[in-house]
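Below you'll find the structure, written out as structure tokens, and then a few comments.
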Amino acid sequence: MIIGMDYYGYGFDSQYYDTPLPTAELDEVIIGAGMYDEMYVSVDTTIPDDQTKPSEWNLKTIMDAKFNNSLEAGSIDGSGQTVTTIQCYRREYQTPSSDWQLVAQFDYDDNYNVYTVIDRFIENHKTYEYAVVPLAQKVMGDMLVGKPVYSKFDGMFISDLEHNYSMNIDFQFSDLTYNTNMSKSVPLNGQFPIVTFGNAEYRTGTATFLPLTPQQEFGYTSEINAHDEFINRQNVINFLNNGQAKVMRREDGDIMVVATTNVKTTAKSESLDSISTVTFDFVEIGKMDFNTMTKGGLIASAGKSVYTYDENGDIKWNQERNNDDARKDNSTIQQRIQRYRNSFDEVNVAI
């Protein structure tokens, strides 16, 4: 097909395709001899017609080949290898002492082109930057760093990979105990004991809050549905009793990885027993670092989705969403994380 020409001079009606140029059928780009710095292909018709290089990849980008000693043209660089796994890292923005921390890892599936990672384990009022690293077995590709993200939320939350509960209604926090370990021995010929301290340093406490359904908490209804509140409260109790590590985030920026025990419920009052407060004890089990997140099953996976383009170049989303990988058991995730543990250390050294 030659632009501006048609078959046998019969005009537009003689075209075989429904448009003069069958762009929907294009799946290959060939460039001839020359010196090329970058080739950018997009369906975004709002891009100005000038020689300005694109600054970033977006959803309407088809190809961005930079020809930096490779033929790769995607949003990630796998160093010429076939990508098998994708890792997502996080660190505090413009903080020299902050290392890259692995927050998510998942298998690459070429049936999907969008992966969504939810990071619930962040401190309030901090700015983070995230990076994506492709893996080809144990070979790491280039790190792609995104724009800074500012974290801001109100209230107190307790979360794991699957759940996120606010504790803003009738929240009470007991005295926070800072625990250490020590031994004391009294010598027979001494007046004072000898005290030796260990390395233990962790916090314990008790928290109470009133779990409510969104309809009740945000005032969408003026009546209390006792059954719905019971189901919601039971879900909270099951979450607190599931034996998995959890993360408590406070509005002041404090964050703790905890285990929860001794869950109790108390009716709001004798005349209002359809809603009840939940009280639980917690003990801090580690810092928010790679080792604790790995052992506690807090390394996230990703939800998967697919988008294509319509005839106008606008994005069409496939509404079917696949979150199976995000629900794999902790043993499977831990095996995968251990497999790439050396890769994590190498990233910290390289940055």
Side-chain angles (χ1 to χ4, degrees), residues 101-104 118-124 151 153-181 198-214 216-217 228-268 273-301 326-334 337:
Q101 179 178 351
L102 181 68
V103 296
I118 299 176
D119 184 12
R120 296 190 177 101
F121 312 138
I122 54 177
E123 298 181 29
N124 202 13
S151 168
F153 56 85
D154 299 320
M156 178 86 174
F157 293 85
I158 184 167
S159 316
D160 64 7
L161 290 179
E162 298 287 336
H163 310 87
N164 186 46
Y165 292 105
S166 66
M167 300 188 292
N168 298 327
I169 308 299
D170 291 353
F171 176 72
Q172 295 181 359
F173 210 37
S174 72
D175 294 338
L176 198 60
T177 303
Y178 289 77
N179 302 275
T180 59
N181 60 333
N199 295 324
E201 185 179 354
Y202 62 96
R203 294 174 286 182
T204 56
T206 302
T208 300
F209 71 104
L210 179 63
L212 296 175
T213 59
Q216 192 65 36
E217 179 176 354
D228 289 348
E229 296 302 326
F230 167 74
I231 296 298
N232 178 70
R233 184 168 61 252
Q234 193 61 46
N235 289 337
V236 173
I237 294 171
N238 293 339
F239 163 72
L240 294 172
N241 276 332
N242 65 11
Q244 301 296 320
K246 301 167 183 63
V247 177
M248 295 178 64
R249 294 174 291 139
R250 298 177 61 179
E251 190 172 347
D252 59 7
D254 190 15
I255 186 168
M256 290 182 286
V257 184
V258 300
T260 55
T261 58
N262 299 329
V263 181
K264 297 178 290 185
T265 62
T266 304
K268 187 62 178 174
D273 59 357
S274 56
I275 56 176
S276 300
T277 59
V278 173
T279 302
F280 62 92
D281 297 336
F282 63 87
V283 55
E284 189 175 21
I285 59 175
K287 297 183 180 297
M288 183 56 70
D289 55 21
F290 175 74
N291 289 331
T292 302
M293 293 179 68
T294 302
K295 295 176 182 178
L298 299 176
I299 302 295
S301 187
R327 307 180 189 279
K328 290 187 176 180
D329 60 30
N330 181 45
S331 61
T332 302
I333 294 177
Q334 190 161 337
I337 298 301

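The list of salt bridge (Lys or Arg N to Asp or Glu O under 4.0 Å) pairs with a residue in residues 273-285, not counting sequence neighbours, reads Arg203-Glu284.
Under the 3.5 Å distance criterion, the side-chain polar atoms of Thr292 are matched with a main-chain donor or acceptor of Lys287. Under a 3.5 Å cut-off, the side chain of Thr260 and the backbone N or O of Phe282 do not form any donor-acceptor pair. Checking side-chain atoms of Gln244 against main-chain N and O of Leu298 turns up no donor-acceptor pair under 3.5 Å. Within the 3.5 Å criterion, the main-chain N or O of Asn164 finds no donor-acceptor partner in the side chain of Ser159. At least one donor-acceptor pair closer than 3.5 Å links the side chain of Asn179 to the backbone N or O of Thr177. Remark: side-chain polar atoms of Arg120 are paired, donor with acceptor, to backbone N or O of Asp160 under 3.5 angstrom. Thr294 places a side-chain N or O within donor-acceptor distance of the main-chain N or O of Phe290, the cut-off being under 3.5 Å. With hydrogens and angles disregarded, no donor-acceptor distance shorter than 3.5 Å links the side chain of Glu229 to the backbone of Leu212.
Pairing each heavy atom of Pro211 with each of Ser276, the nearest pair is CD-O, 3.4 Å. Considering every non-hydrogen atom in both Ala104 and Ser301, the closest pair reads CB-O, 4.4 Å. For the residue pair Leu102 and Met293, the shortest heavy atom distance occurs at O-CE, 4.1 Å. Of all heavy-atom pairs spanning Ile285 and Ala245, the tightest one is CD1-CB, 3.8 Å.
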**Report entry** Verdict with reasoning, Phe209 to Asp170, per side-chain contact (heavy atoms from CB on, under 4.5 Å)
**Finding:** CA-CA 5 Å; Phe209 71 104; Asp170 291 353; over 6 Å; no
Evaluate side-chain contact (heavy atoms from CB on, under 4.5 Å) for Val247 paired with Val258, printing each intermediate quantity in order.
CA-CA 6 Å; Val247 177; Val258 300; over 6 Å; no
With side chain to side chain donor-acceptor pair (under 3.5 Å) as the criterion, how do Asn232 and Thr213 come out once you've worked through the C-alpha distance, each side chain's angles and the decisive distance to 0.1 Å? CA-CA 6 Å; Asn232 178 70; Thr213 59; over 6 Å; no
Salt bridge (Lys or Arg N to Asp or Glu O under 4.0 Å) assessment of Asp252 paired with Arg250: CA-CA 5 Å; Asp252 59 7; Arg250 298 177 61 179; 3.7 Å; yes
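Checked against ring pair (Phe, Tyr, Trp, His ring centres under 6.0 Å), Phe239 has the following partners two or more places apart in sequence or in another chain: His163, Tyr165. By the ring pair (Phe, Tyr, Trp, His ring centres under 6.0 Å) test, Phe230 is found to be paired with no residue, residues two or more places apart in sequence or in another chain being considered.
Using modelled atom types and a 3.5 Å distance limit, the side chains of Thr208 and Thr279 yield a donor-acceptor pair.
The structure places CD1 of Ile255 at 10.0 Å from CG of Asn124, a figure rounded to the nearest 0.5 Å. One distance of note links CZ of Phe153 with CD of Glu251; it measures 8.0 Å at 0.5 Å rounding. Atoms CD1 and OG1, from Ile275 and Thr266 in turn, are 12.5 Å apart once rounded to the nearest 0.5 Å. Note that CG of Asp119 is 10.0 Å distant from CG of Leu161, once rounded to the nearest 0.5 Å.
The shortest distance between side-chain heavy atoms of Ser151 and Ile122 falls below 4.5 Å. Annotation: side chain of Met248 is in contact with side chain of Met156 (closest heavy-atom distance under 4.5 Å). Contact check for Met256 versus Lys246: no side-chain heavy atoms found under the 4.5 Å cut-off. Val278 is listed as a side-chain neighbour of Leu240, based on a closest heavy-atom distance under 4.5 Å. For the pair Phe280/Ile158, a side-chain contact is recorded, criterion being any heavy-atom separation below 4.5 Å from C-beta on. Between Gln101 and Met288, some side-chain heavy-atom pair lies under the 4.5 Å cut-off.
The side-chain tip of Arg249 does not point at the ring of Phe121 from less than 6.0 angstrom away and within 45° of straight on.
A side-chain contact (heavy atoms from CB on, under 4.5 Å) with Arg233 holds for exactly one of Asn235, Ile237, Val236; it is Ile237.
Counting non-hydrogen atoms of neighbouring residues, nucleotides and ligands closer than 6.0 angstrom, the CD atom of Glu217 exceeds 12 such neighbours.
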